[in-house]
There are 2 protein chains.
Amino acid sequence: MVTISEVAQLAGVSVTTVSRVINDYPHVSKAKKDKVFWAMDKLGYVPMQAARQMRGSGSQTIGVVVPEIINPFFSYLINAIERTVDKLHYKTLIIQTFGRKQNELTALDYLKRHQVDGIILCALENDWDIIKGYQKYGQIAVCNEYVDEDTIPMVIGDQFNGLRQGTEYLISKGKTKIAYCTGRDSLLLQQRGKNFDSDRYLGFTTALQAHDLSFNPAWLFTNAHSIEDGQAILKQLSQMAQKPDAIITGSDEVATGIVSLAKSLNIQIPQDLSVLGVDDQPLAKFLSYPLTTIRQPITQMGQQVAEVLIDNIKGTTEPAQKIKLDLQIVPRESA
Amino acid sequence: MVTISEVAQLAGVSVTTVSRVINDYPHVSKAKKDKVFWAMDKLGYVPMQAARQMRGSGSQTIGVVVPEIINPFFSYLINAIERTVDKLHYKTLIIQTFGRKQNELTALDYLKRHQVDGIILCALENDWDIIKGYQKYGQIAVCNEYVDEDTIPMVIGDQFNGLRQGTEYLISKGKTKIAYCTGRDSLLLQQRGKNFDSDRYLGFTTALQAHDLSFNPAWLFTNAHSIEDGQAILKQLSQMAQKPDAIITGSDEVATGIVSLAKSLNIQIPQDLSVLGVDDQPLAKFLSYPLTTIRQPITQMGQQVAEVLIDNIKGTTEPAQKIKLDLQIVPRESA
DNA sequence: TCGCTTTATGTAATCGCTGACATCATTATA
DNA sequence: TATAATGATGTCAGCGATTACATAAAGCGA
């Protein structure tokens, strides 16, 4: 491998001079600078990152931790983050946890090792008390999850108002018997500001109460994530004596599952059942019933969290920012 | 940051002994080994990767270069690769090129720097003559692209037979006037074994010839990639005097665009127009017309290319392997 | 022309880790 | 019991880059 000394030798200068040229430091004559560039080019020299890191000069890299990139929500989020990170002259290291706690901790170890200067957590696997301990090794920011900690920057969508407005939308369409799906266990839905599912749920119930509508507990579906979950939910629904006339899903996946089975179960959408998705995934508008859905501000989330984190890394900002972005209803045919 | 010396000191042994414990070398007494583990745990020690790399002990990392992870084809491919790479105790570094040549070269520089031990290219941006030069810095494998070079392992789908069979399928449904979409320029379609588009096209024309069908050059659509491209194509088609009765798209995206506009243009699918996709993307079956499509063996491709590359890194195999995997027709409603 | 600042360049220590080599201690073999 | 082999442990050089420090040359005002 080509080293800085080889470049120095070929250019007829010292390694220091080469280092100065590489890092664009002053006090190098035009003549030598040119020679160095020529030598670097001739040898195809690329500085070894590992050696630089050893000198403590940071990694110029930020880690982005997500559950899985095959989930479009996260791949679009990464996309937004990476474009911003690029713009700020950092590199992005994508780390998938596949939902495993251990993988999240391994990801955080990258901070200890100085492999990354900062980390964006786009999902939380471990309890915050555990993650907290890693703060001393580098900057951490959280995106799309709640963290009740002053020292951590956080960028989230305003789930409470998003769902409140979504519910209002259904009510404005004359729907009164609204079912509700969530990815969590039911037990965890009651405490505002703890996680986005509970915020959503409270937005939902708040809108209901504002219109004096009651919620039938039989219409609460928990642990719903996938298309298959959505299909299972619709099957259950279709066999109920008391049927809802609308359903709010926790994601476009679940909504996709529901609309995919409607025809075969002889359920008319949206007349018999309005279906409201969340996310506005790219293909939501091309489904058998184009989804009415609550769009998440993915692009801005990614952009802002990247900016805030890098600001913090550079030490240029004050207390951790908490940024809340608006969701937006996208009316299509399913509701 | 916690260093190996601090661990050594706390454990009351030399750094070498700690190093031996970390790397599971022999000749360390049980007693000292336990002490070292205890000290490592107590201090929360994680070896610094950069320092290890400097000693030439490889990075235990392989780079996966893709155009964009928001493309489900690639995110699923990465998924398959990463799971295999994990299993073989390597790490995965995902690198997006966003279709830019320079980004591909930067990715290849990771080899020079010893940031990765090998690279899987899942798309080719630069001419092969340029990429070739990087072989001396580390192992390179190519996935889903043609490379006419003995020294490079390559894993691809059998596009020729896939498209031949897909075309046969349409013919078996009574279709005789078949249009064709490709992502490339028309000029590049004629040479077998050069890229997968040309293989596909030749598979298509081969099937046509076998049934004495001719191909109307007006029905060739080039540079078709996105949903919007698909929509544009259908609009063009609908205004032709001579209309095809089937269309083979280069991807499920293009197929999605076509079926999404069919209803509003008053075109019945598949009666008026059969639409054949390629890829079998996860949502293909949930579209307004569930797509009949040619499934790519993504999982096996990812798995095999990872295995072959890591085999090569370890130096355990003979000449570069060329692996060709079968595509499979998934009949649904669009054709 | 003299001292003083500024610019240009080089020497060598250092970062954390591994591994070749050296040194004892212990056990096996003759 | 003497000697060789093996096991346990330590010392220290070196990987490739940065950077504190040293030094020489050039610029500059009086």
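The model shown is predicted, which means the values in this text are computed figures rather than measured ones. Only heavy atoms go into these numbers, but all of them, side chains included; no hydrogens, no water, no symmetry mates. Proteins come first, then strands; the chains are lettered A, B, ... in the order of their sequence lines, and each starts at number 1.
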Atom-pair distance ([atom1] on [X]; [atom2] on [N]), nearest Å:
X: A:Asp24; N: D:dT18; atom1: CG; atom2: C1'; result: 15 Å
X: A:Ile4; N: C:dG10; atom1: CD1; atom2: C1'; result: 13 Å
X: B:Met54; N: D:dC15; atom1: CE; atom2: C1'; result: 4 Å
X: A:Gln53; N: C:dC17; atom1: CD; atom2: P; result: 13 Å
X: B:Arg55; N: D:dC12; atom1: CZ; atom2: P; result: 16 Å
X: B:Gln9; N: D:dT11; atom1: CD; atom2: P; result: 12 Å
X: A:Asp34; N: C:dT9; atom1: CG; atom2: P; result: 12 Å
X: A:Met1; N: D:dC15; atom1: CE; atom2: C1'; result: 10 Å

If you count the non-hydrogen atoms of other residues, nucleotides and ligands that lie under 6.0 Å from NZ in A:Lys322, is the total more than 12? yes
Quick one: does NZ or CZ of B:Arg83 land under 6.0 Å from the six-membered ring centre of A:Phe98, within 45 degrees of the ring axis? yes
Walking DNA chain D from its 5' end, the first of A:Ala50 and B:Lys30 to be reached, judged by nearest nucleotide, is B:Lys30
If you find the nucleotide of DNA chain C closest to B:Asn23 and the one closest to B:Arg20, which residue's nucleotide is nearer the 5' end? B:Asn23
Contact nearer the 5' end of DNA chain C, comparing B:Ser19 with A:Gly12: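 Result: A:Gly12.
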Can you tell which of [options] lies closest to the side chain of [X]?
X: A:His27; options: C:dT7, D:dT18, C:dG16; value: C:dT7
X: B:Met48; options: C:dG10, D:dG10, C:dC17; value: C:dC17
X: A:Lys32; options: D:dG10, C:dG10, C:dG16; value: C:dG10
X: B:Pro47; options: C:dC15, D:dA17, C:dC17; value: C:dC17
X: B:Thr17; options: D:dG14, D:dT19, D:dG10; value: D:dG10
X: A:Thr3; options: C:dT18, C:dA12, D:dA17; value: D:dA17

Is it true that a side-chain atom of B:Asp199 and a backbone atom of B:Gln159 form a donor plus acceptor pair closer than 3.5 Å?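 No: the side chain of B:Asp199 does not pair with the backbone of B:Gln159.
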Got a donor-acceptor contact below 3.5 angstrom from the A:Gln115 side chain to the B:Gln49 backbone? no
Side chains of A:Leu124 and A:Val147, heavy atoms from C-beta outward: is any pair under 4.5 Å?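 With C-beta onward as the side chain, the pair touches.
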[N] phosphate, OP1 or OP2, under 4.0 Å from [X] side-chain N/O:
X: A:Ser29; N: C:dT9; value: yes
X: B:Arg52; N: C:dC17; value: no
X: B:Tyr25; N: C:dA20; value: no

hbond_proxy B:Ser14 side chain to D:dT11 base (donor-acceptor, 3.5 Å cutoff):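 When only heavy-atom distances are counted, B:Ser14 does not reach the base of D:dT11 through any donor-acceptor pair under 3.5 Å.
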Indicate, with a heavy-atom threshold strictly under 4.0 Å, whether B:Val13 touches base, sugar-phosphate, or nothing. sugar-phosphate
Between the side chains of A:Asn23 and A:Arg52, does any donor sit under 3.5 Å from an acceptor?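 Present: a donor and an acceptor within the cut-off.
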